[in-house]
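Read the structure below first, then the notes.
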Amino acid sequence: MGINSKRVKKAGAVAASMMVGALALSGCSVTGAGTTEGAKGDGTGTVNALFMKQAGYSEDDVAKMIAEFEAQNPEITVEPTFVSYEALHDKIVTAAPAGTYDVFLTDVIWPAEFASKGVALDLTDRIPESWKDDVLGGALDTGKYQDKYYGVPLFPSTKLFYYNTELVESVGATEADLQTWDGVLDVAAKIKEQENIEFPLAWSWSQAEALICDYAQLLGSFGGEFTDADGNLAINSPEGVETLQWMMDSMESGLTNPASTTFLEDDVTKSLAQGQTAFALNWESTLRDLDDPSISKVVGKVAVMQTPAGPSGDRRGVNGSMAMSIGSQSKNQDAAWTFVEFMSSQENQEQYAASSMPNWKASYENAELTKSNPAVFKAAGQQFDDMIARPVMESYNSVSQTIQVELQNALLGKKTAQEALDDAVAAANKG
Amino acid sequence: MSTAKTGSATTETARMRPAKRRRENQGRLAFWLLLPASVAVFGVIVYPILRTLLISFFEVTSVLAVDTPFVGFANYLSALSDSGFWSAMGRTLYFTLTSTALELVLGLGLASLLSAPLKFRWLFRAVVVLPWAVPTIVSAAMWKGIFNAEYGALNAVLFQFGLIDSYHAWLGDPALALNMVILADVWKTTPLVAFFLLAGLSSIPKELYEAARLDRAGWVRIFRSIVLPLLVPSIAIVVVLRTVEAFKVFDIVYGMTRGGPANGTQTIAYYTYVTAFSDQNYGVGSALSYLIVVVILLLSAVYLRTLRRSGMSAL
């Protein structure tokens, strides 16, 4: 190597100067962004789409939808990629500059961020006017930020209340006893006492967005809101504190499984499916898994109903809808739109009503359809009318993480409810 | 390198011109052969490092940001003044020290066993390396399953032996969860440490042991006066390597706990990841990654200095 060390040095110098040159060239933007832009494309070719692995419509279902779409649009090929929900946001963000994904799923809490940071394409002009009447109230707003639409709704979603009918009946209770959270706790105490069930309640309270969803739904039933009139986080309100205190008490009294602080929704489903949990909140798609004999020991023994009422009498569900967005850097936006339009169409969504709710008003009046999944249609239909939204903020992600940590601090007994929520509000409103 | 130089020097005096031409040809060939590798190295290592340094002086709040004002050292200051940074630093330090110490002790024991003249020694050596061969993200998922509060193997084993009277949520308490993540990391990395130390052990001449035994030295004495001093170079390498690696720990946390519960397992690398990619605060994220580099350099310097000062190191 000694012989050509000079040359190597020279090559190194060349490379170094090239690098400095590259940095200087991109000096106007240190991220290197802005040099490329998305393009509409000619409406054909490949569309790369990012989905999530989840409990509702499955990867097989998406494959079927894509096959149907490709049959109708032979000039477009769709390449799906699946990641877990927990990895979805970061995947969208890191892939954004390269325009890797023409289409991606957007959670209802992200449009503010994706719009203000230019990750998602403004679809306002492409959305037909008629959708404002035909799409379920609120569902179209899933992708909305500041009067513009950055996503097309794909199955609205909320958390419903699931209960093990066998356990409830064994202590002489009925669905009528479960209409309020206090009623649920009473029945849970009886089940804990009389049946061999150590912890009748399970929740998805791990440090993740799932915790915020459960908190939101409870907050709704305690008559609280996330933000005040100015849009600042205000969960240290009396209602917010009361909600958290209720969660802490249910753990303290041994009715809530203490392992809930390590659970995601999927763990809650498993616990229900094993018959170890009597009550849980979970997404409307859960019933299908609980009635699947290959993974469930409680087939036909789990019923679903609207979320129980809290002290305020409200029965609000958390808005957990997803939308499909198009990447701002996509080079094939027209073809992507064709695919997105197909996915959100009434015709496509109604075929999968067994696992996911359609977002078209007309679907709920189609008697044949609602008969196919009556319990979920009934409970979800009631709940879609009044949903509690998580705060709309550009920096939602970091605010949510702050709230997650503080809620857990209280649930794990490190802080009182008031302290934890005061700290969360102070940290969130500082930045 | 030096032999190559003297070698070419001799040929040079013998037949200067053709040799020079050949040398140039060789050099050119070497240059082209090295080019792909250097492009890769500059492209995926050097360039991103410099780019990250550059970004750390700007306010970059979006992956697609075009408007990025220069803020000097403000990102570093905001990182350093954040309490989240210091608690993540504290946890990382605890993780690094505990896991490295455990791996060293267990690795030394394992290395001694593997160097013992046993039957099927080759088999043991092959089996022991397995945990290291498992990708971290896979072992993280595996340990997450083992520690699961509902159906985890650890609960079942301890319960059936009567060591616990109810199932525990091993990853449910912040401090406990951190220790459990350390345990998983120790399981995975001890084989690597053991193999480094095994190499060191095999290089100790057998005569030294024989001489010590003739002098009626006990095994404690042999260990203290022969094994340990001669093993110091290997230990030094292992300690530096493991410290650097442990300080950057990310994937096992991502796979097992995602930083929870209540941020109890959020290490500094995970904190940096969240800041940069989840919160889209790339300026501060870049500054954080340079702060990590500084801390690792400091730690390594302190280690190497201490070992050198002890006069036993070959480094």
Side-chain angles (χ1 to χ4, degrees), chain A residues 1-8 10-12 15-16 18-20 22-23 28-34 86 89-90 93-94 96-97 113 116-119 198 205-208 257-263 267 270-271 274 276 328-329 394-395 397-398 401 404-409 411-412 414, chain B residues 1-5 8 23-24 26-28 30-31 34-35 38-39 42 46-47 50-51 54-55 57-58 60-68 70 147-151 166-174 177 257-264 266 273-275 277-283:
Chain A
M1 220 219 263
I3 345 173
N4 57 355
S5 62
K6 221 186 234 168
R7 251 170 214 285
V8 173
K10 210 195 262 172
M18 264 160 48
M19 214 152 35
V20 170
L23 290 179
C28 54
S29 98
V30 287
T31 56
E86 279 66 39
H89 170 273
D90 300 353
V93 167
T94 46
E113 178 191 346
S116 64
K117 303 198 170 176
V119 173
E198 209 180 349
W205 288 352
S206 77
Q207 187 180 332
N257 191 334
S260 292
T261 53
T262 64
F263 284 176
D267 303 296
K270 276 182 194 149
S271 192
Q274 294 300 310
Q276 290 165 339
S328 62
Q329 301 295 308
E394 282 177 28
S395 59
N397 228 24
S398 74
Q401 282 162 30
Q404 290 163 27
V405 169
E406 293 302 345
L407 289 178
Q408 283 213 323
N409 273 331
L411 292 170
L412 294 165
K414 316 264 176 217
Chain B
M1 205 188 262
S2 59
T3 42
K5 232 171 209 165
S8 66
R23 201 179 65 185
E24 264 182 14
Q26 261 185 359
R28 196 162 295 154
F31 173 78
L34 285 172
L35 189 65
S38 49
V39 166
F42 279 102
V46 180
Y47 176 69
L50 293 178
R51 191 64 174 262
L54 186 73
I55 290 176
F57 295 114
F58 291 83
V60 182
T61 53
S62 157
V63 72
L64 292 164
V66 180
D67 177 29
T68 52
F70 178 79
F147 293 146
N148 187 290
E150 296 276 283
Y151 48 81
S166 68
Y167 277 22
H168 284 270
W170 297 103
L171 299 174
D173 175 77
T257 59
R258 298 190 69 92
N263 275 350
Q266 196 189 51
Y273 167 82
V274 168
T275 306
F277 297 107
S278 295
D279 300 350
Q280 294 212 47
N281 200 341
Y282 295 94

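The figures here come from the full heavy-atom set of this structure, side chains too, leaving out hydrogens, waters and symmetry mates.
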Pair count under 4.5 Å, heavy atoms only, with chain A: among B:Gly264, B:Ser166, B:Ala177, B:Gly172, highest is B:Gly172

Name the member of B:Ser278, B:Ala169, B:Gly259 that forms the most heavy-atom pairs with chain A at distances under 4.5 Å.
B:Ser278

Smallest separation among heavy atoms of A:Leu412 and B:Pro261, with atom names
CD1-CB, 3.9 Å

Atom of B:Phe277, atom of A:Asp90 and distance for their closest heavy-atom approach
O-OD1, 3.8 Å

Within a strict 4.5 Å, meaning less than it, do heavy atoms of the A:Ser398 and B:Gln280 side chains meet?
no

Taking every heavy atom of B:Leu64 against every heavy atom of A:Gly118, the minimum-distance pair comes out as CD1-O, 3.0 Å

Segment of A:Thr262 engaging chain B (4.5 angstrom heavy-atom cut-off):
side chain

Report which part of A:Ser116 has an atom under 4.5 Å of a heavy atom belonging to chain B: side chain, backbone, both, or neither.
neither

Of all heavy-atom pairs between A:Asp267 and B:Asn148, which one has the smallest distance, and what is that distance?
OD1-ND2, 4.4 Å

Among B:Ala149, B:Gly260, B:Ser38, the residue with the most heavy-atom pairs under 4.5 Å to chain A is B:Gly260

Examine whether an atom of B:Tyr273 lies under 4.5 Å from a heavy atom of chain A, and if so say whether it belongs to the side chain, the backbone or both; otherwise answer neither.
side chain

Side chain, backbone, both or neither: which part of B:Val39 has a heavy atom under 4.5 Å from chain A?
neither

For the pair A:Lys117 (side chain) and B:Thr61 (backbone), establish whether a donor and an acceptor sit closer than 3.5 Å, ignoring hydrogens and angles.
yes

In terms of heavy-atom pairs under 4.5 Å with chain B, which of A:Gln404, A:Glu394, A:Glu113 leads?
A:Glu113

Give me the atom names and distance for the closest heavy-atom approach of A:Val93 to B:Tyr282.
CG1-OH, 3.1 Å

Of the listed A:Gln401, A:Gln408, A:Gln207, the one with the largest count of heavy-atom pairs under 4.5 Å with chain B is A:Gln207

Given A:Lys270 and B:Tyr151, is the side chain to side chain contact (heavy atoms under 4.5 Å, CB included) satisfied, shown in steps?
CA-CA 10 Å; A:Lys270 276 182 194 149; B:Tyr151 48 81; 3.4 Å; yes

Is chain B contacted by the side chain of A:Glu406, its backbone, both, or neither, given a heavy-atom distance below 4.5 Å?
neither

What pair of heavy atoms forms the shortest contact from A:Val119 to B:Val63, and how long is it?
CG2-CG1, 4.3 Å

Consider only side-chain N and O atoms of A:Asn257 and B:Glu150, and report whether a donor and an acceptor are under 3.5 Å apart.
yes

Please check if the side chain of B:Arg258 supplies one atom and the backbone of A:Glu86 the other of a donor-acceptor pair under 3.5 Å.
yes

